[in-house]
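What follows is a set of notes on a single structure, which appears directly below.
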Number of protein chains: 2
Amino acid sequence: MNELRVAVDVVIFRVRQGLLQVLLVKRGLAPFEGRWAFPGGFVLKDESLDAAALRELREETGVGDVYLEQLYTFGEPRRDPRGRVISVSYFALFSGGEPEAKAGSDAAEVEWAAAYKPPLLAFDHRAILDYALQRLRWKLEWTTVGFKLLPKKFTLTELQKVYEAILGRQLDKRNFRRKVALLGVVEPLDEHRQEGIQRPARLHSFSARKFERLKDRGLLFPF
Amino acid sequence: MNELRVAVDVVIFRVRQGLLQVLLVKRGLAPFEGRWAFPGGFVLKDESLDAAALRELREETGVGDVYLEQLYTFGEPRRDPRGRVISVSYFALFSGGEPEAKAGSDAAEVEWAAAYKPPLLAFDHRAILDYALQRLRWKLEWTTVGFKLLPKKFTLTELQKVYEAILGRQLDKRNFRRKVALLGVVEPLDEHRQEGIQRPARLHSFSARKFERLKDRGLLFPF
DNA sequence: CCAAAAGTGTTAGGAGTACACCCATGG
DNA sequence: CCATGGGTGTACTCCTAACACTTTTGG
């Protein structure tokens with residue numbers, strides 16, 4: 001029983017240029033040297049699981065402002081060749097805020113990879129990724145986590161692009177906007193942002209206050 | 001790190017007489033002596049988490065034919081006064097098949113308690129129960145787990161009672177039956193069962209074959 | 001014929017989907 | 001005035017929810 005160790009692994013997503021990405025770290029040591037893996041590590045003695053996940057994320061990536069929730073616990077006896085390691089996986093969303101997630105305090109190589117076309121992963125991390133993607137798609141459609149992938153102020157087109165990147169299909173602009181408006185969880189601001197040569201887009205913000213009303217009735221957000 | 005141990009705890013539900021129940025075991029030892037807790041115990045060295053959950057369930061209750069899935073991992077540093085114990089909780093559904101879940105090989109006191117009015121529970125088991133109830137309600141509405149709480153052959157009224165017990169509200173018989181029929185996952189049998197003095201009810205069975213078609217499109221089962 | 005649960009259809013309102021054009025801006 | 005993405009409304013279909021009476025059986 002004493003050889004049993006508990007680790008956390010964090011699958012963190014972001015959307016960039018209409019593409020869903022996950023953060024990966026290149027392993028410098030055996031086993032699986034040179035392959036990519038999720039940021040993670042062992043849980044400390046007096047640390048909650050959530051705290052461990054947050055700490056690992058910060059240590060390896062410098063990312064701080066994230067949405068974090070527990071995903072699933074993987075515990076097959078031989079999933080780690082070094083011995084019995086139970087991995088509590090976490091699911092995180094990066095808001096795309098300014099502090100670009102670069103390599104953190106660890107000197108390890110860190111990369112945002114295409115979530116739907118990842119490189120070869122270490123351990124059972126491919127299974128973890130698949131599970132995380134499933135959870136993400138599901139949460140996107142039935143909760144408001146979509147907003148966690150955006151900064152505080154965003155345009156409706158940006159919001160739509162988040163949905164399209166994750167669901168993997170195009171959405172109708174009019175229907176999308178109508179539904180967002182109907183839910184009443186976004187507030188239009190009196191600010192605009194100009195991205196290129198064209199008409200400036202109105203900025204919006206997520207209204208947690210308005211959202212509260214929905215929580216009771218199953219918080220539907222179906223696209 | 002060596003004082004860290006991993007346990008599984010199983011929340012198993014059944015529906016009896018229109019009431020949702022959970023299986024509890026009375027603790028014979030400190031801590032929390034005399035309080036009720038979920039069946040569970042430590043994970044063995046070469047045992048997967050799923051296997052551990054199934055084993056504990058069998059040891060303490062004799063229940064074998066169940067639907068089992070992982071629920072959540074609770075890992076607050078002080079959740080167990082004896083030391084650091086991380087609990088991987090499981091969610092199980094008892095089909096109500098004949099082999100009545102009585103006290104198992106352990107001589108411990110075992111009881112089916114009202115899930116929505118449980119007695120005082122040990123450790124953080126109340127939080128685990130609340131989480132399991134939430135998961136159950138959710139799965140009931142969006143998947144077909146409802147059938148896992150019934151034997152192979154059942155009447156539509158029994159199915160409806162399962163839904164009502166878990167959702168905590170009355171459902172309209174006609175709407176319920178129409179939706180079940182529309183989904184096409186139940187097959188009417190040429191058998192009837194007479195419960196009391198009244199008209200016999202037709203028996204039905206769950207058709208996994210027909211269900212497969214639905215899996216793609218999010219498997220909705222909303223009541 | 002009485003009690004008890006089984007079984008069965010219709011209607012109205014709301015949500016989802018498909019679909020095409022004008023607007024504001026910078027160059 | 002042109003290119004680019006921002007922004008808007010209507011019609012049809014389908015799903016949901018509300019609602020009440022007849023049927024079958026045993027006593």
Side-chain angles (χ1 to χ4, degrees), chain A residues 15 17-18 140-142 144 146 150 153-165 167-205 213-214 216-223, chain B residues 15 17-18 140-142 150 153-165 167-205 213-214 216-223:
Chain A
V15 174
Q17 286 137 232
L140 191 76
E141 295 196 82
W142 303 104
T144 56
L150 290 171
K153 299 175 180 185
F154 52 85
T155 68
L156 294 179
T157 300
E158 287 170 338
L159 182 61
Q160 186 174 341
K161 281 209 186 325
V162 165
Y163 275 80
E164 291 177 335
L167 299 179
R169 65 170 194 270
Q170 303 276 103
L171 298 172
D172 181 89
K173 204 200 315 190
R174 287 164 292 187
N175 292 339
F176 184 84
R177 285 165 186 238
R178 172 150 16 91
K179 231 175 293 186
V180 169
L182 204 65
L183 278 169
V185 295
V186 297
E187 293 198 284
L189 304 174
D190 276 333
E191 295 176 62
H192 296 258
R193 190 201 307 146
Q194 188 145 8
E195 205 57 59
I197 186 182
Q198 71 286 32
R199 174 175 178 176
R202 179 182 286 269
L203 290 172
H204 297 255
S205 70
R213 292 176 304 123
L214 292 176
D216 312 323
R217 66 172 300 274
L219 43 138
L220 305 189
F221 211 72
F223 287 102
Chain B
V15 174
Q17 285 137 232
L140 191 77
E141 295 196 82
W142 303 105
L150 289 170
K153 298 175 180 184
F154 51 86
T155 68
L156 294 181
T157 299
E158 286 170 339
L159 182 60
Q160 186 175 341
K161 280 207 187 324
V162 165
Y163 276 79
E164 291 177 334
L167 299 180
R169 66 171 194 269
Q170 304 277 102
L171 299 173
D172 182 89
K173 204 198 318 188
R174 286 163 293 185
N175 292 339
F176 183 85
R177 284 165 187 237
R178 173 152 9 92
K179 228 175 296 188
V180 168
L182 205 66
L183 278 169
V185 295
V186 297
E187 295 199 283
L189 303 173
D190 276 334
E191 295 177 64
H192 296 258
R193 191 198 310 145
Q194 187 144 9
E195 205 59 58
I197 186 183
Q198 71 285 33
R199 176 175 177 176
R202 180 181 287 268
L203 289 172
H204 297 254
S205 69
R213 292 175 304 122
L214 292 177
D216 311 323
R217 67 172 300 274
L219 43 137
L220 306 189
F221 210 72
F223 287 102

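Please read these numbers as outputs of a predicted model, since none were measured by experiment. Letters A, B, ... are given to chains in the order of the sequence lines, protein chains preceding strands, and every chain is numbered from 1.
Where L182(A) and T155(B) meet DNA chain C, the nucleotide closest to each residue was compared, and T155(B) sits on the side nearer the 5' end.
Of the options K179(A), K173(A), R178(A), a side-chain hydrogen bond (donor to acceptor under 3.5 Å, both in side chains) to N175(A) is made by R178(A) and by none of the others. For the pairing with E158(A), the side-chain hydrogen bond (donor to acceptor under 3.5 Å, both in side chains) check across H204(A), K153(A), R193(A) returns one residue only, R193(A).
As rounded to whole Å, 18 Å separates atom P of dG9(D) from atom CZ of F176(A). The CG-P distance, from D172(A) to dG7(D), rounds to 15 Å in whole Å. Across the protein-nucleic acid pair, L171(A) atom CG and dG5(D) atom P stand 18 Å apart, rounded to whole Å. Rounding to whole angstrom units, CZ of residue R202(B) and C1' of dT8(C) are separated by 13 Å. Nucleotide dG27(D) holds its C1' atom 12 Å from the CD atom of Q194(B), rounded to whole Å. Rounded to an integer number of Å, the gap from L159(A) CG to dG5(D) P is 19 Å. One atom, CD of E158(A), and another, P of dG5(D), lie 14 Å apart when rounded to the nearest Å. The CG-C1' distance, from L203(B) to dA6(C), rounds to 13 Å in whole Å.
Counting heavy atoms from C-beta outward, V180(A) and Q160(A) have side chains that stay 4.5 Å or more apart.
No engagement by E195(B) is indicated, since no non-hydrogen atom pair under 4.0 Å with the nucleic acid exists. At the heavy-atom level, T157(B) lies under 4.0 Å from the strands shown only through sugar-phosphate atoms.
Listed candidates were dG7(D), dA17(D), dA4(C). Nearest to the side chain of I197(B) is dA4(C). Side-chain proximity of Q198(A) to dA6(C), dT4(D), dC19(C): nearest is dT4(D). Among dG7(C), dT25(C), dT17(C), the nucleotide with an atom closest to any side-chain atom of R199(B) is dG7(C). Between dA5(C), dT8(D), dG9(C), one nucleotide has an atom nearer to the side chain of R174(A) than all others, and that is dT8(D). Side-chain atoms of A201(A) lie closest to dG7(D) of the nucleotides dT17(C), dG7(D), dA24(C).
Residue R178(B) places a side-chain atom within donor-acceptor reach of the base of dG9(C), judged by atom type and a 3.5 Å distance cut-off alone.
Atom CG of L159(A) is separated from atom CZ of R177(A) by 9.5 Å, given to the nearest 0.5 angstrom.
Judged by distance alone, with hydrogens and angles left aside, the side-chain atoms of Q194(B) form a donor-acceptor pair with the main-chain N or O of Q198(B) at under 3.5 Å.
Between K173(A) and the phosphate of dG5(D), there is no side-chain N or O to OP1/OP2 separation shorter than 4.0 Å.
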